There are 2 protein chains.
Amino acid sequence: MPTLKKYAYPMIAVDVVLFTVKDDHLHALLIKMKKHPYENMWAAPGGMIKGDETPDDAAARILRDKTGVHDVYLEQLYTFGEVNRDPFGRVISIGYMALVPSDHLELATNGEYDGVAWLPVNKLPALAYDHTQMIALAADRLQAKLGYTNIAKALLPAKFPFSHLQHIYECILGKTLDKRNFHKRMLALGLVAKTREFEKNVPYRPAQLYRFKHTELMYVDML
Amino acid sequence: MPTLKKYAYPMIAVDVVLFTVKDDHLHALLIKMKKHPYENMWAAPGGMIKGDETPDDAAARILRDKTGVHDVYLEQLYTFGEVNRDPFGRVISIGYMALVPSDHLELATNGEYDGVAWLPVNKLPALAYDHTQMIALAADRLQAKLGYTNIAKALLPAKFPFSHLQHIYECILGKTLDKRNFHKRMLALGLVAKTREFEKNVPYRPAQLYRFKHTELMYVDML
DNA sequence: GCAAAAGTGTTATGCGTACACCCATGG
DNA sequence: CCATGGGTGTACGCATAACACTTTTGC
């Protein structure tokens, strides 16, 4: 095995695209950069992988350290390796997609960085590195996975009104869905079930709360 | 950016799982290893990424140098980073899936390594590294993509009898398909079209040859 | 003429889609 | 009593799945 020299072989990093659905739109958690040539540009949180951690571990650590967000759904997305993707050196980056329910997102903006913010994915400014492409890929993947998995679980609290679930789908797919058909489908697939609880303190008829029946990621036929 | 030291940060490699359909089964091209602790065990061809090449470039180079196979369909699969996956050091590997038509495979076994062979994927021995898992993931991905893309193009020559196409599907999906329905579907989706040519020198009624209508990877609704 | 694979349509059933009205609650 | 969202069933049309016999060639 060859000895490592600076730039002789690439370094390996992770970048994490964290999504939530908020204010009727899909948002990504981004950090404002300080270093030239990306000063004042936004980027997904990222960092080098250490010698004693897996890429999954690194993604969780970096997300926690840079944004305060922890215990979220994380999945590997794609590995980006264009030779000039990073102006600071030859770095290959494993992109991750992460998801949080929007009612946890207070934690995120309380972090140690003030340049951390949720930006709506459909009108992002130019981003640092290849992060525009990375976020687009993550959004495509999320959209696709809504159609054949129970991944929406990661965007909702444990118990939720059914309409919130539908709203998540509508925001990410960018189209409205028929209420009755969507309800029928979700139940027929066995993805969610009623609880005995109801919404409280709402100025309209309280909705029954639902929960996802499975904890782990499930593959099913919907769309 | 930190200075690189041996093991302080992981190294980055690629491994290529090359598939073909041959003798009624999906086969993978594997190399017999010499180094302890994997002596005489089989592994997918792999190697380090150089400082001036992308992971895609590295995958193509390694496949060419180690097996003689070139100009094949290549797609990134998943990045494997368990801390102890490689007994020779801390190496993170970007797994690739590659596909060739079985009538090109003479090239492969003519390479510089005599320990190169096509092994049937459904009865592999124990493999080096995490390559058992890598091949299983690649096979799952291939199977899934048959259902929503024209990826089978990469497993066939430019012109082919329709039954060969169906045979590819049947070998990879592991089930038989109805001839008339399959034919109807493929044409309705516009994936393939008839040519004016026919099979030659066969001891039965010569089949009309078909071709894929699109060069690039297409996404469609089948299953 | 025999073996081997090519080629070709119709029918039934189930699934997806479209669609509208009444209900419960808080203010 | 009014506003707001919650909750629920049916009918139609299309797409999928099941299914068998005739044709062409080489030997």
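Per chain, numbering begins at 1; letters A, B, ... match sequence-line order. In this text, all values refer to a predicted model and were calculated from it rather than measured experimentally.
The distance between atom CZ of Phe162(B) and atom C1' of dG7(C), rounded to the nearest whole Å, is 11 Å. Atom CG in Asn201(B) sits about 16 Å away from atom C1' in dA4(C), given to the nearest Å. Regarding His167(A), its NE2 atom lies at a distance of 11 Å from the P atom of dG5(D), rounded to whole Å. The interatomic distance linking Phe160(A) (CZ) with dG5(D) (P) rounds to 19 Å, in whole Å. Atoms CZ (Arg185(A)) and P (dG7(D)) sit 20 Å apart, rounded to a whole Å. Rounded to an integer number of Å, the gap from Leu187(B) CG to dG9(C) C1' is 14 Å. Protein atom CZ of Phe182(B) is 16 Å distant from nucleotide atom P of dA18(D), rounded to whole Å. Atom-to-atom, CG of Leu177(A) to P of dA18(C) comes out at 11 Å; the value is rounded to the nearest Å.
Using a 4.0 Å cut-off, some side-chain N or O of Ser163(A) falls inside it from OP1 or OP2 of dG6(D). Lys194(A) has a side-chain polar atom (N or O) that falls below the 4.0 Å cut-off from OP1 or OP2 of dT8(D).
For an aromatic pair to be called close, the ring centres must be under 6.0 Å apart, and Tyr73(B) with Phe19(B) fails this.
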Q: Verify side chain to side chain contact (heavy atoms under 4.5 Å, CB included) between Lys66(B) and Val16(B), making sure each step is shown before the conclusion.
A: CA-CA 11 Å; Lys66(B) 296 219 171 187; Val16(B) 183; over 6 Å; no
Q: In sequence, state the C-alpha distance, the side-chain angles, and the governing distance for Leu177(A) and Lys175(A), and then conclude on side chain to side chain contact (heavy atoms under 4.5 Å, CB included).
A: CA-CA 7 Å; Leu177(A) 300 171; Lys175(A) 63 180 178 189; 4.2 Å; yes
Q) Gln208(B) and Phe162(B): side chain to side chain contact (heavy atoms under 4.5 Å, CB included), yes or no, with the steps? A) CA-CA 7 Å; Gln208(B) 192 149 27; Phe162(B) 199 87; over 6 Å; no
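Using cut-offs of 30° and 60° for the angle between ring planes, the His183(B) and Tyr210(B) rings count as perpendicular. Ring pair Phe80(A)/Tyr78(A) is perpendicular by interplanar angle, where above 60° counts as perpendicular and below 30° as parallel.
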Are there any protein N/O atoms within less than 3.5 Å of an N/O atom in nucleotides 21-23 of chain D, and if so, which ones and at what distance?
residue : atom : partner   : partner atom : Å
dT23(D) : O2   : Arg205(B) : NH1          : 2.9

Listing time: all N or O pairs from protein to nucleotides 9-14 of chain D that are below 3.5 Å?
residue : atom : partner   : partner atom : Å
dT10(D) : O4   : Lys184(A) : NZ           : 3.0

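Taking all atoms of both residues into account, the shortest heavy-atom contact from Thr149(B) to Tyr169(B) is O-OH, 4.1 Å. The minimum heavy-atom distance linking Ile31(B) with Pro45(B) is given by the pair CD1-CB, 3.7 Å.
Nucleic acid contact for Glu199(A): none, since no nucleic acid atom lies under 4.0 Å from a heavy atom of the residue.
The nucleotide whose nearest atom lies closest to any side-chain atom of Pro206(B) is, among dG6(D), dT8(C), dT25(D), dT25(D). Side-chain proximity of His183(A) to the nucleotides dT25(D), dT8(D), dG26(D) is greatest for dT8(D).
A 4.5 Å side-chain heavy-atom check between Leu99(B) and Lys145(B) finds every atom pair outside the cut-off.
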